[in-house]
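Notes for the one structure printed next.
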Amino acid sequence: MHRILTMHFIEGMKQIDIATRTNLSVASVNRIIKQGRDLGMVEITIRSPFQSAFDTARMLVQRTGLSEVVAAPSATLDDPSRLKAAGKAAASFLLENLRDGQTICVTGGKGVNALVEALETDQKFDISVVPATGGVQGKHYTDVNHLASELAMKLGGRAYQIHVPMFAASPAERDSLMQIRSCIEALDRARNADIAVVGVGSIHADGSSYFDLTPEASGDIDAIRESHAEAELLAHLLDGSGRLAPYALNRQLVCMTPDELTRIPLTLGIAAGSAKVSPIISVLRGNYLNALATDEHTAVEILDRLDEKDGQ
């Protein structure tokens, strides 16, 4: 039996060739192989080239309050490549969890744009896509209405638009804009969504998309620093503990709040790159997400940073 199992599983011989060499019938060889398996003499191990990414994702789930982590294998430390890999993983995760009749709310940002660009499917879904924030003119990845339309088109669903700006000129103007009927309807749809797809923004990194949202933030670096902001979520600045930072523009936002985000059944954040490690940790500490799409390198850096905090 050992000899036949070795020839078949180790040497890769076909059963008919084993039968010829051992002067047994093919039926006998097949029976012996089955008996060997039943007796526990055969163990089959499948090794995936992506195993380390799976293991890293599993460890991140164990260390955080996340239900799901998708850590895409990434061959380089180049941030655009890492974000592209995370976007592709996020697109696959979204398709696996999407059902007819659902509503998706989205933010702007490079992470959400990476998902939209990577999404490929021939299946058409009876779904709705709605912005979770007011609109921003300028770069395509900050235009939440554009991203909502592109995502809906790729999925075969319908998109809703929000025709008010994300940043009001004052808290009073923000309150007025929030009372516009079209704004109320759009944000109510977002609050009652089944899935939220959001970016996690950095504040201190060069090229942070937060500063593409409003010119006022670009000239307010000192105030941002004094607020101890570490992350951006739904255009709100958060401190290192995941709480809203005491920053003036947080009170002028026309959009869902991070707390409202937590009431959506599936909240998927997308972020990758070394500059996103601290922001991701901040958002996780606030318990705003239950799923994260990133790349393996970023996931490892998050685990290392959590280990450093635990060791202090």
Side-chain angles (χ1 to χ4, degrees), residues 48 50 53-74 82-133 144 147-160 188-200 233-234 256 258-272 276 280 283-284 286-296 298-299 302:
S48 167
F50 309 127
F54 297 149
D55 292 342
T56 301
R58 186 175 64 252
M59 286 189 286
L60 197 50
V61 166
Q62 293 170 349
R63 290 292 306 276
T64 66
L66 293 167
S67 299
E68 297 280 351
V69 172
V70 185
S74 47
R82 293 164 73 174
L83 182 58
K84 185 175 181 179
K88 188 173 182 179
S92 296
F93 180 81
L94 177 63
L95 290 174
E96 290 170 4
N97 288 275
L98 195 58
R99 303 290 183 270
D100 285 336
Q102 291 182 325
T103 295
I104 307 170
C105 71
V106 299
T107 68
K110 296 174 183 176
V112 177
N113 183 65
L115 179 154
V116 173
E117 288 187 344
L119 188 66
E120 294 181 3
T121 179
D122 293 327
Q123 185 175 355
K124 301 302 179 184
F125 293 89
D126 178 21
I127 53 94
S128 300
V129 184
V130 60
T133 73
V144 68
L147 292 178
S149 296
E150 288 292 304
L151 181 58
M153 181 183 68
K154 286 197 170 187
L155 293 172
R158 56 197 165 276
Y160 292 87
D188 278 348
R189 287 182 184 276
R191 295 184 186 103
N192 290 287
D194 302 283
I195 300 173
V197 179
V198 301
V200 177
L233 181 69
L234 290 161
M256 283 176 54
D259 283 342
E260 289 172 335
L261 179 68
T262 64
R263 299 167 198 158
I264 294 174
L266 176 56
T267 52
L268 172 63
I270 309 167
K276 295 298 182 79
I280 291 171
V283 170
L284 296 184
N287 296 313
Y288 300 113
L289 306 176
N290 50 40
L292 174 68
T294 187
D295 74 296
E296 182 180 0
T298 304
I302 293 171

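For the atom pair NZ (Lys88) and CD (Glu120), the distance works out to 7.5 Å, reported to the nearest 0.5 Å. Atom CG of Leu261 and atom CE of Met256 lie 5.0 Å apart (nearest 0.5 Å). A distance of 5.5 Å separates CD of Gln102 from CG of Leu98, quoted to the nearest 0.5 Å. Taken from OG1 in Thr107 to CG in Asn113, the straight-line distance is 10.5 Å, to the nearest 0.5 Å. A distance of 8.5 Å separates OG1 in Thr262 from OH in Tyr288, rounded to the nearest 0.5 Å. To the nearest 0.5 Å, atoms CG (Leu95) and CD (Gln123) are separated by 8.0 Å.
Side-chain contact between Ile270 and Phe93 is absent, with no heavy atoms from C-beta onward closer than 4.5 Å. Between Leu284 and Ile280, some side-chain heavy-atom pair lies under the 4.5 Å cut-off. Looking only at side-chain heavy atoms (C-beta outward), Ile104 and Leu155 come within less than 4.5 Å of each other. Residues Leu292 and Thr64 are not in side-chain contact: their nearest non-hydrogen atoms beyond the backbone lie 4.5 Å or more apart. Here the side chains of Leu289 and Leu66 are in contact, with some heavy-atom distance below 4.5 Å. Between Val112 and Val144 there is no side-chain heavy-atom pair separated by less than 4.5 Å. Looking at Asn290 and Leu266, their side chains come closer than 4.5 Å, going by heavy atoms from C-beta outward. A 4.5 Å side-chain heavy-atom check between Arg158 and Asp126 finds at least one atom pair inside the cut-off.
Annotation: Glu68, atom CD; neighbour count of heavy atoms from other residues, nucleotides and ligands within 6.0 Å does not exceed 12. Heavy-atom neighbours of Lys154 NZ from other residues, nucleotides or ligands within 6.0 Å: above the threshold of 12.
Closest approach of Thr294 to Ala272, counting heavy atoms only: OG1-CA, 3.9 Å. Summarising the geometry of Ala190 relative to Ala132, their closest heavy-atom pair is CB-CA, 4.0 Å, with the distance given to 0.1 Å. Heavy-atom minimum distance, Ile264 versus Cys105: CD1-SG, 3.7 Å. Heavy-atom minimum distance, Ala71 versus Ala53: O-CB, 3.3 Å. The two residues Ala193 and Pro265 have their closest heavy-atom pair at O-CD, 3.5 Å. What you find for Ala90 and Ala293 is that their closest heavy atoms are CB-CB, 3.6 Å.
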Between Val106 and Val129, does the side chain to side chain contact (heavy atoms under 4.5 Å, CB included) criterion hold? Intermediate values first, please.
CA-CA 7 Å; Val106 299; Val129 184; 4.1 Å; yes
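Judged purely by atom type and a 3.5 angstrom limit, Asp194 uses its side chain to pair as donor or acceptor with the backbone of Thr103.
Applying the side chain to side chain donor-acceptor pair (under 3.5 Å) criterion to Thr56, with sequence neighbours excluded, gives no partner residue.
Donor-acceptor pairing under 3.5 Å is lacking for the side chains of Arg189 and Ser128.
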